[in-house]
Number of protein chains: 2
Amino acid sequence: MNGKKMKIASFNVNSLRARLPIVTNWLVENQPDVLCVQETKVQDHDFPGQAFDEINYKYVFKGQKIYNGVAIFSKEKPENVRYGFDKEPKDEPRLITAQIHGVTIVNTYVPQGNMPESEQFEYKLNWFDRLLNFFDSHFEPTDFIIWVGDLNIAPEPIDVYDPVSLLVHVCFHPDVHKALQKVMNWGLVDVFRKHCKEAGQYSFWDYRMRNTFKNNLGWRLDHIMATKPLADKSSACYIDKKPRQAERPSDHTPVIAEFDL
Amino acid sequence: MNGKKMKIASFNVNSLRARLPIVTNWLVENQPDVLCVQETKVQDHDFPGQAFDEINYKYVFKGQKIYNGVAIFSKEKPENVRYGFDKEPKDEPRLITAQIHGVTIVNTYVPQGNMPESEQFEYKLNWFDRLLNFFDSHFEPTDFIIWVGDLNIAPEPIDVYDPVSLLVHVCFHPDVHKALQKVMNWGLVDVFRKHCKEAGQYSFWDYRMRNTFKNNLGWRLDHIMATKPLADKSSACYIDKKPRQAERPSDHTPVIAEFDL
DNA sequence: GCTATCGGGG
DNA sequence: CCCCGATAGC
């Protein structure tokens with residue numbers, strides 16, 4: 001027991017540069033210890049670090065052109081930073097790991113999967129297996145591990161607006177559910193579901209359909225998973241819909257967990 | 001003498017849709033009888049007429065994809081509207097003529113000319129000749145004719161920030177000065193210069209150089225020319241720099257003339 | 001710089 | 001619907 005309170009958030013920003021004031025304002029207002037972001041869509045040489053220097057956040061990141069990209073912002077300097085998987089394809093712009101306050105943060109942007117029966121879908125299913133392998137080779141389920149990010153999966157029927165028709169969707173497909181379950185069985189707890197059993201708690205609303213946010217036609221794709229010892233210390237977990245009501249919002253919105261360590 | 005006061009303005013908006021609130025707010029605040037705009041960059045089926053209906057302005061326009069486009073906004077319905085030249089190439093998105101309160105308004109977006117010795121430069125020089133021909137065949141120098149718009153020429157050395165180095169520029173080239181002079185000799189007066197002899201009175205500042213507006217490194221390219229009888233009735237002519245200080249301003253700013261008819 | 005368009009991606 | 005990047009004109 002060291003009595004440290006820790007606030008950890010995840011946010012798919014859909015371009016860090018396009019959403020820069022949204023992200024920095026959100027950090028200033030919410031003061032999380034850690035913010036993991038996905039889909040930064042910025043190459044490393046263009047990373048807008050200065051904006052975060054100015055608000056006293058440290059950061060580590062890995063990006064590429066146009067697609068993907070992950071970053072961790074934190075008040076304390078991230079330690080033991082690891083980029084991507086151990087083996088090829090390393091997928092560095094999709095997986096970044098760091099230690100902060102003795103907690104291991106695993107920030108992932110899981111491949112979306114395109115269509116069932118596509119090559120990309122196979123790659124996605126395999127990705128969960130590779131992540132399980134990554135956990136197995138580096139950590140113990142008794143460690144303080146937190147796995148966050150856009151996992152591109154709605155785990156349960158209450159996590160999508162139409163659980164019947166969406167069974168054919170790559171983010172709510174039975175095969176993906178099985179793949180996730182295998183990872184969870186390693187020793188992880190869905191921290192949001194521990195604190196909130198309500199249906200219709202979403203973190204993503206598709207731009208391409210009209211009025212999805214207004215009518216709450218969404219998906220819970222952004223998650224905070226923790227090993228049991230860490231989940232036991234969580235005191236709250238919630239979705240902040242405010243950033244999705246901004247002028248030009250991301251299609252995702254942040255999820256936040258609080259811990260008493 | 002009918003005692004009518006008339007306020008006529010010209011504004012290259014660099015996309016009417018991108019600048020819509022700037023233009024409508026400017027109309028509401030300044031209440032001109034006529035506003036001629038250039039570079040609307042909007043096709044006719046996308047013209048944002050509703051915004052002008054709401055503030056009780058009538059309008060006529062001709063546009064195309066991406067480039068060019070002219071429009072006239074006025075309190076009274078424009079009459080005897082004519083689009084483009086009589087002969088091909090008609091250049092409809094560059095020339096629109098209408099009668100308002102007995103004054104013939106000729107709103108032009110003169111071709112920029114690219115580089116000296118280019119085909120486009122020849123086309124530009126020729127454009128002034130074709131316009132002179134247009135005046136000759138439709139009007140008399142004794143009529144109330146006003147020729148306004150982005151003429152893509154700074155007439156005098158005091159109309160550019162560097163009259164020596166810019167002599168090679170297509171908007172300050174001796175050949176263009178000659179071409180303009182021929183049109184003016186038909187019977188036109190530079191209404192702005194009649195009222196203001198000051199140097200450094202610009203209506204355009206290039207986006208591509210830094211701090212051109214702050215350092216007043218500009219050009220007077222937007223003009224209000226009038227036949228002598230009409231110019232004699234002008235009471236004021238000035239440039240309004242406020243719209244260029246907006247959030248996302250056009251590179252041009254309005255020129256306004258007032259008449260006592 | 002600031003438009004706009006187009007094509008690729010989600 | 002909204003991102004990016006490329007291209008073209010001024």
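Below, chain A is the first sequence line, B the second, and so on; all start at residue 1.
Distance B:Lys41 NZ to D:dC10 P: 9 Å, rounded to the nearest Å. Computed from coordinates, the B:Asn12 CG to D:dC10 P distance equals 11 Å when rounded to whole Å. Between A:Gln64 atom CD and D:dC4 atom P there is a gap of 14 Å when expressed in whole angstrom units. Distance A:Arg248 CZ to D:dC4 C1': 13 Å, rounded to the nearest Å. In this structure, A:Phe204 places its CZ atom 11 Å from C1' of D:dC2, rounding to the nearest Å.
Close to C:dG9, at under 4.0 Å from its OP1 or OP2, lies no side-chain N or O of A:Arg208. Within the 4.0 Å cut-off from OP1 or OP2 of D:dA6, at least one side-chain nitrogen or oxygen of A:Lys65 is found. Residue B:Arg17 has a polar side-chain atom (N or O) positioned under 4.0 Å from OP1 or OP2 of C:dT5.
Side-chain contact, B:Trp147 with B:Thr108: a donor N or O sits under 3.5 Å from an acceptor N or O. Side-chain atoms of B:Lys41 and B:Asn14 include a donor-acceptor pair closer than 3.5 Å.
For A:Tyr67, taking side-chain heavy atoms from C-beta onward, the closest of the listed nucleotides C:dC2, D:dC10, C:dG9 is C:dG9. Counting only heavy atoms from C-beta on, B:Tyr207 has its side chain closest to C:dC2 among D:dC1, D:dC10, C:dC2. Listed nucleotides C:dA4, C:dG10, D:dG5 differ in distance to A:Gln43; the shortest reach to its side chain belongs to D:dG5. Nearest to the side-chain atoms of B:Glu39 among the listed nucleotides D:dC3, C:dT3, D:dC10 stands D:dC10.
Using the six-membered ring where Trp is involved, A:Phe47 and A:Phe61 have ring planes that are parallel, under 30° apart on the 30 and 60° scheme. Ring geometry for A:Phe11 versus A:Trp26: interplanar angle of 30 to 60°, hence tilted.
Two residues, B:Asp150 and A:Ile66, neighbour DNA chain D, and the one matched to the more 5' nucleotide by heavy-atom proximity is A:Ile66. Heavy-atom nearest nucleotides on DNA chain D were determined for A:Arg244 and for B:Gln120, and the one closer to the 5' end corresponds to A:Arg244.
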